[in-house]
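Reading through the structure tokens given below for one structure.
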Amino acid sequence: MSPPAGTAPSSTVPWLQVVISTAEAPDKCVPIIERIWPDRVPGLALTILSGEPMGAGTEVLCRRFPGLRVQHHAGESVWHLRQRIGGQVAGSNWLVLLEDHNLPQPGWLPGLLAELGAADGRIEAVFGATCNHTSIGPWDW
């Protein structure tokens with residue numbers, strides 16, 4: 001499903017931005033990207049904000065997923081990386097913020113696009129439930 005007709009502000013500004021933050025190397029986000037990639041639509045941008053220095057793995061990742069954007073901000077935590085989101089999403093209609101341990105279930109993106117497509121102009125946020133399928137430590141939720 002594509003974004004509703006006329007909702008993308010321009011061909012250069014994505015309608016929906018999915019931003020994944022990780023304090024580690026961007027390849028930690030591969031399971032998330034693999035879930036989202038097959039369901040991409042025009043107007044969707046996928047960006048990884050990484051707290052690791054740039055390495056050879058970034059180039060490999062970007063070749064594997066053409067159009068994926070990766071930004072490195074060495075030494076920054078996910079909290080610091082989130083401060084950079086405003087500059088990433090300016091002009092977009094919607095933002096999805098994920099962290100490296102989130103794993104969307106199959107069908108997540110088409111379901112999200114359907115919800116966003118049905119939202120009228122007065123709706124500013126859509127919230128969804130998540131389940132922790134990957135982490136079991138005391139810090140994890």
Side-chain angles (χ1 to χ4, degrees), residues 1-121 123-141:
M1 170 180 200
S2 295
T7 56
S10 78
S11 60
T12 59
V13 178
W15 178 78
L16 171 64
Q17 293 263 3
V18 177
V19 177
I20 308 166
S21 57
T22 180
E24 299 177 41
D27 61 345
K28 184 174 183 187
C29 302
V30 166
I32 301 169
I33 299 166
E34 288 175 335
R35 290 281 176 97
I36 294 173
W37 204 254
D39 295 324
R40 285 172 305 129
V41 297
L44 178 130
L46 185 56
T47 302
I48 297 174
L49 297 177
S50 171
E52 286 288 310
M54 184 179 231
T58 298
E59 187 177 322
V60 171
L61 197 60
C62 290
R63 277 197 311 267
R64 180 175 174 194
F65 301 104
L68 173 68
R69 296 183 296 182
V70 180
Q71 292 188 5
H72 293 270
H73 304 281
E76 292 191 9
S77 71
V78 293
W79 306 108
H80 293 104
L81 292 167
R82 286 180 180 171
Q83 295 177 47
R84 299 180 177 277
I85 292 171
Q88 301 297 313
V89 301
S92 298
N93 291 57
W94 296 99
L95 161 68
V96 173
L97 176 60
L98 300 172
E99 291 186 5
D100 58 16
H101 59 89
N102 299 135
L103 185 60
Q105 295 302 295
W108 172 81
L109 184 56
L112 172 65
L113 293 171
E115 289 297 319
L116 296 179
D120 67 35
I123 296 180
E124 296 179 4
V126 175
F127 294 90
T130 61
C131 293
N132 183 351
H133 293 283
T134 59
S135 304
I136 58 172
W139 173 250
D140 304 321
W141 47 273

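Both backbone and side-chain heavy atoms feed into the values below; hydrogens, waters and symmetry mates do not.
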As an exercise, state the distance from [atom1] of [X] to [atom2] of [Y], rounded to the nearest 0.5 Å.
X	Y	atom1	atom2	value
Asn102	Trp108	CG	CH2	9.0 Å
His73	Met54	NE2	CE	10.5 Å
Asp100	Cys29	CG	SG	5.5 Å
Ile32	Leu46	CD1	CG	9.0 Å
Gln71	Arg84	CD	CZ	8.0 Å
Asp39	Leu44	CG	CG	10.0 Å

Nearest heavy atoms of [X] and [Y], plus distance in Å:
X	Y	result
Glu99	Ile20	C-CG2, 4.0 Å
Pro31	Leu103	O-CD1, 3.5 Å
Ala45	Arg69	CB-NH2, 3.5 Å
Trp94	Ala119	CZ2-CB, 4.3 Å
Ile48	Leu61	CD1-CD2, 4.0 Å
Gln105	Arg35	CA-NH1, 3.5 Å

Self-check item: Leu113 side chain near Leu16 side chain, heavy-atom distance below 4.5 Å
Solution: yes
Checking the side chain of [X] only, and the main-chain atoms of [Y] only, is there a donor and an acceptor separated by less than 3.5 Å?
X	Y	answer
Thr22	Val78	no
Ser92	Pro14	yes
Arg82	Trp79	no
His72	Ser50	no

Quiz prompt | Qualifying residues under side-chain hydrogen bond (donor to acceptor under 3.5 Å, both in side chains), relative to Arg64, sequence neighbours excluded | solution = Glu34
Self-check item: Option among Val96, Ile36, Val41 that satisfies the side-chain contact (heavy atoms from CB on, under 4.5 Å) test with Leu109
Solution: Ile36
